[in-house]
Number of protein chains: 2
Amino acid sequence: MAGDEVYWPDELFADLDRTGPVPLYFQVSSRLQEAIRSGAIPGGARLDNEISISQRLGLSRPTVRRAIQEVVDKGLLVRRRGIGTQVVQGQVTRQVELTSLYEDLQSAHHEPGTTVLAHDTVPATAVVAEKLGVAKGSDVIYLRRQRRTDGVPVAVLENYLPPEFADITTGQLESHGLYQVLRARGVTIRVAQQKIGARRAQGDEGELLDIEKGGPVLTMERVAYDNSGRAIEYGHHCYRPDMYSFETTLVAK
Amino acid sequence: MAGDEVYWPDELFADLDRTGPVPLYFQVSSRLQEAIRSGAIPGGARLDNEISISQRLGLSRPTVRRAIQEVVDKGLLVRRRGIGTQVVQGQVTRQVELTSLYEDLQSAHHEPGTTVLAHDTVPATAVVAEKLGVAKGSDVIYLRRQRRTDGVPVAVLENYLPPEFADITTGQLESHGLYQVLRARGVTIRVAQQKIGARRAQGDEGELLDIEKGGPVLTMERVAYDNSGRAIEYGHHCYRPDMYSFETTLVAK
DNA sequence: AAGTGGTCTAGACCACATC
DNA sequence: ATGTGGTCTAGACCACTTA
């Protein structure tokens with residue numbers, strides 16, 4: 001009765017690579033996630049305890065704990081002291097990643113398209129200057145783009161960037177996402193603060209999104225920071241609500 | 001030149017409690033966050049390295065690492081191998097926590113109010129049954145509430161719960177948030193999956209939110225799971241966009 | 001009493017960035 | 001060559017849950 005319904009498919013973890021660059025905890029957590037998402041470990045199942053797992057995998061307990069914790073943080077597992085570790089029931093959705101809309105659409109196997117509506121150097125307003133951490137009135141890059149998927153308009157994107165990105169070309173922006181362009185220049189976005197809301201379509205947004213004038217749009221405002229904590233991008237975007245939404249998984253600490 | 005602008009206010013960490021129930025890493029990370037949010041450690045500052053910190057605090061390096069990692073995960077710090085740890089520049093906003101709207105409003109020092117519009121036992125539709133993991137057509141609790149802050153309507157909330165919560169009273173719901181009522185019964189929400197979007201106000205929502213008929217509303221759909229991974233609540237809510245928005249901090253892994 | 005996850009230690013070696 | 005964070009080990013003790 002003690003060991004009822006304890007799942008731990010050892011065979012999934014048989015060939016861990018101890019020499020390559022991929023951390024052991026990452027190899028374990030990846031395969032564990034895959035096993036849960038695929039249903040190989042069913043919802044509600046209890047996992048074996050940490051000590052037993054670490055012995056069977058030939059890993060230390062901290063390493064196994066870290067692997068499990070990664071999966072807990074993604075909302076697929078739940079841990080209780082004195083009880084054990086269980087798989088969350090119900091269908092799982094993928095996490096909101098720190099990627100641009102362009103990559104979101106790409107990974108969803110659609111054909112993204114971009115029209116650059118504006119691409120200028122403008123003086124920073126008070127708001128833009130504060131968000132980017134530059135002097136008010138100093139030069140910043142202003143972008144306005146229409147984003148489509150399979151020919152259907154999805155979003156109108158307005159971005160402000162520091163002046164060092166003045167040499168980004170319109171052509172680059174029409175064939176790649178902004179974050180891809182930045183990454184190709186060695187800039188990695190590490191942290192972003194987002195605010196999601198809704199309002200009526202304003203000005204030419206209705207036309208650009210091909211929706212009724214004054215119809216509802218989903219809005220997102222974002223400030224993104226690079227490796228060193230410097231603000232790299234400030235944007236406020238609006239999305240066609242029938243074409244896009246935001247998904248999140250929250251885990252209580 | 002080596003030790004330029006390295007911040008680490010030792011005095012903030014002088015009196016750590018090694019006997020109480022609060023983990024050491026938590027004490028350190030809390031005070032570190034407070035120091036950053038208050039500006040005591042300014043944006044862009046470099047932190048001292050982990051070994052040095054652990055020696056000065058009399059803690060092991062893993063404990064210090066864990067404390068720092070907590071702050072990194074909240075988007076306040078950025079770490080780079082071979083470089084060090086730096087404070088993210090720009091104003092910081094607080095994290096979206098796994099709390100109910102009621103508690104959000106409470107903590108913002110406003111006076112929340114609730115009107116229960118419906119409180120019934122109904123047969124589960126196919127969608128509700130799937131989300132809650134119960135049989136289609138079986139009894140579930142249906143709630144519809146209007147939420148106000150300082151007398152102004154903010155949201156219309158529709159929730160479905162498993163039948164074991166049939167004894168929740170309308171009175172409880174009018175003076176507390178749903179999550180507070182659940183917690184008082186020993187149910188702790190641990191994981192939630194949310195989807196945020198926008199649409200036009202439908203039916204009586206315009207009246208209930210005191211906005212124009214057909215005006216935009218912000219929507220949120222959520223499934224919440226307890227300690228053991230069981231689905232406890234399914235809801236779809238709509239919010240007055242001028243009264244509410246969702247803020248998130250994303251950190252790349 | 002037995003079993004579980006939660007915390008903490010004191011090291012070790014490595015990969016990466018800078019000088 | 002040096003300094004940084006990233007990973008990993010092999011234990012220890014504790015708090016909590018269940019029986």
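Reminder, nothing fancy here: chain letters follow the sequence lines and each chain counts from 1.
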Taking it one step at a time, do L47(B) and L77(B) satisfy side chain to side chain contact (heavy atoms under 4.5 Å, CB included)? CA-CA 9 Å; L47(B) 253 53; L77(B) 289 176; 4.0 Å; yes
Base, sugar-phosphate alone, or nothing: which one does P62(A) contact when heavy atoms must sit under 4.0 Å apart? base
Separation of atom CG in L16(A) from atom C1' in dC8(D), rounded to whole Å: 14 Å
Any donor-acceptor N/O pair under 3.5 Å between dG6(D) base and R80(B) side chain: no
Please tell me if T85(B) has a side-chain N or O lying less than 4.0 Å from either OP1 or OP2 of dT4(D). no
Taking 4.0 Å as the cut-off, does a side-chain nitrogen or oxygen of N49(B) come that near to OP1 or OP2 on dG3(D)? no
Would you say T63(A) places a side-chain N or O within less than 4.0 Å of OP1 or OP2 belonging to dT9(D)? yes
Quickly work out the R46(B) CZ to dA17(C) P distance and round it to whole Å. 15 Å
Between N227(B) (CG) and dT17(D) (C1'), how many Å, whole number? 12 Å
Could you tell me whether R183(A) and D226(A) make a salt bridge, using a distance below 4.0 angstrom between a side-chain N and a carboxylate O? no
Tell me which nucleotide among dG6(C), dC8(D), dT9(C) gets nearest to the side chain of S60(A). dC8(D)
Between CD of E50(B) and C1' of dA12(C) the distance, given in whole Å, is 15 Å
Measuring from the side chain of R61(B) (C-beta onward, heavy atoms only), which nucleotide among dG5(D), dC8(C), dG5(C) has the closest atom? dG5(D)
Report yes if a donor N or O on one partner sits less than 3.5 Å from an acceptor N or O on the other, where the partners are the side chain of R66(A) and the base of dG6(D); otherwise report no. no
Quick one: on DNA chain D, does I83(A) or Y25(A) contact a more 5' nucleotide (nearest heavy atom)? Y25(A)
Using a heavy-atom cut-off of 4.0 Å across all strands, would you classify I51(A) as base, sugar-phosphate, or nothing? nothing
Hey, can you tell me if Y142(A) and Y160(A) have their rings parallel, tilted or perpendicular (30° and 60° cut-offs)? tilted
Under the criterion side-chain hydrogen bond (donor to acceptor under 3.5 Å, both in side chains), which of E158(B), E221(B), R222(B) is the partner of Y234(B)? E221(B)
Closest-nucleotide ordering on DNA chain C, the 5'-leading residue of T19(A) and D48(A): D48(A)
Return the value, rounded to whole Å, for the distance between atom CG of L77(B) and atom P of dT4(D). 16 Å
For R79(A) and dG3(C), what is the distance between atoms CZ and C1' respectively, to the nearest whole Å? 16 Å
Take the protein atom CG of L59(A) and the nucleotide atom P of dT9(D), then report the distance between them rounded to whole Å. 5 Å
Once you round it to whole Å, what is the distance between P of dG6(C) and CZ of R18(B)? 21 Å
Testing Q86(A), R46(A), Q89(A) one by one against S228(B) for a side chain to side chain contact (heavy atoms under 4.5 Å, CB included), which residue passes? Q86(A)
Please figure out whether R81(A) or R65(B) has its closest DNA chain D nucleotide nearer the 5' end. R65(B)
